[in-house]
Asker: 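First the structure, then my questions, so here it is.
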Amino acid sequence: GQQLNQSPQSMFIQEGEDVSMNCTSSSIFNTWLWYKQDPGEGPVLLIALYKAGELTSNGRLTAQFGITRKDSFLNISASIPSDVGIYFCAGRQGGSEKLVFGKGTKLTVNP
Amino acid sequence: NAGVTQTPKFQVLKTGQSMTLQCAQDMNHEYMSWYRQDPGMGLRLIHYSVGAGITDQGEVPNGYNVSRSTTEDFPLRLLSAAPSQTSVYFCASSYSFGGVAKNIQYFGAGTRLSVL
């Protein structure tokens with residue numbers, strides 16, 4: 001099946017640092033979503049992107065829909081300990097209600 | 001304000017046993033999905049439904065059955081559990097609006113299943 005390549009797999013950063021992660025595909029997607037999963041919980045939606053080139057912010061989080069429609073990026077500025085978790089990208093292709101997920105980026109923030 | 005509710009939260013089965021994982025949503029969402037999450041594998045789609053009475057297979061459907069008799073409920077059945085089905089299972093629901101399928105999926109808290 002379709003796969004999304006998410007990188008990096010894990011990140012270890014100091015509190016206050018900025019974080020960048022990305023998701024790429026060989027196919028075009030019409031929607032990109034970014035989720036965060038806390039330990040023992042289900043994924044929670046952070047940002048949704050619907051148009052190529054779109055740049056959307058949610059507090060300290062900013063995500064972009066790549067202009068080729070084959071990638072997306074998530075940036076977290078000035079990280080804090082509660083940013084710890086697994087971040088997933090997900091994409092939806094045109095005409096499909098199904099989402100394809102990346103394998104996740106595990107973020108650890110050291111105080 | 002329940003959202004997506006999954007029961008049970010934890011379950012241990014013996015190989016060959018059957019069980020049903022329950023999922024209910026109170027948001028009147030059309031779409032519902034079941035995923036399994038394994039370490040390093042992300043979320044993989046098992047089955048999904050676009051409305052009551054309509055279901056279809058996802059990426060990893062073998063060993064699982066679903067039905068959708070109401071908008072609210074979407075149970076996942078394991079007919080004969082196998083150790084390979086040890087995983088965390090998530091149910092999600094989503095909606096479309098404005099003539100464009102926004103399909104933002106909302107997830108339940110998960111069911112942690114161990115098959116011995």
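When reading the values below, keep in mind they use all heavy atoms of this one structure, side chains included, and skip hydrogens, waters and symmetry mates. Throughout, a chain's letter reflects where its sequence line sits, starting with A, and its residues are numbered from 1.
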Asker: Could you tell me the separation between the CG atom of A/L45 and the OG atom of B/S94, rounded to the nearest 0.5 Å?
Answerer: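 Result: 11.5 Å between the selected atoms.
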
Asker: Hydrophobic clusters here meaning ILVMFWY residues chained together by side-chain heavy-atom distances under 4.5 Å, can you tell me if B/L21 and B/F107 are in one?
Answerer: no

Asker: Does A/Q9 CD have over 12 foreign heavy atoms under 6.0 Å away?
Answerer: no

Asker: Just wondering, more than 12 heavy atoms not from B/L116 lying within 6.0 Å of its CG?
Answerer: yes

Asker: Below 4.5 Å from any heavy atom of chain A, which atoms of B/R112 appear? Answer side chain, backbone, both or neither.
Answerer: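 Answer is side chain: those atoms of B/R112 sit under 4.5 Å from chain A.
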
Asker: Do A/F88 and B/Q37 make a side-chain contact, defined as non-hydrogen atoms from C-beta onward lying under 4.5 Å apart?
Answerer: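 In contact.
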
Asker: Is any side-chain heavy atom of A/F101 closer than 4.5 Å to a side-chain heavy atom of B/E59?
Answerer: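 Counting from C-beta outward, A/F101 and B/E59 never come under 4.5 Å.
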
Asker: Would a hydrophobic clustering, with Ile, Leu, Val, Met, Phe, Trp and Tyr connected at side-chain separations under 4.5 Å, put A/L33 with B/W34?
Answerer: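 No, separate clusters.
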
Asker: Please look at B/L45 and chain A and tell me whether the side chain, the backbone, both or neither of the residue comes under 4.5 angstrom of a heavy atom of that chain.
Answerer: side chain

Asker: At their closest point, which heavy atom of B/F90 faces which heavy atom of A/Q37, and how far apart are they?
Answerer: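 In terms of heavy atoms, the two residues are closest at CZ-NE2, 3.2 Å.
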
Asker: Can A/L99 and B/Y35 be said to form a side-chain contact (heavy atoms from CB on, under 4.5 Å), step by step?
Answerer: CA-CA 10 Å; A/L99 287 182; B/Y35 296 86; 3.8 Å; yes

Asker: Taking the side chain as every heavy atom from C-beta outward, state whether A/Y35 and B/Q105 have any atom pair closer than 4.5 Å.
Answerer: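 In short, these two side chains touch, coming nearer than 4.5 Å.
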
Asker: Are B/L76 and B/V4 connected, step by step, through hydrophobic side chains (Ile, Leu, Val, Met, Phe, Trp, Tyr) whose heavy atoms are closer than 4.5 Å?
Answerer: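 No, separate clusters.
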
Asker: For B/S93, which residues count as a side chain to side chain donor-acceptor pair (under 3.5 Å) partner, sequence neighbours excluded?
Answerer: B/H29

Asker: For A/F73, which residues count as a ring-ring contact (aromatic ring centres under 6.0 Å, His included) partner, sequence neighbours excluded?
Answerer: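 Once residues adjacent in sequence are excluded, A/F73 has no partner under the ring-ring contact (aromatic ring centres under 6.0 Å, His included) criterion.
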
Asker: Between A/K98 and B/Y48, what is the shortest heavy-atom contact and its length?
Answerer: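 In terms of heavy atoms, the two residues are closest at CD-CE2, 3.3 Å.
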
Asker: At a 4.5 Å cut-off on heavy atoms, which part of A/Q6 comes close to chain B: side chain, backbone, both, or neither?
Answerer: neither

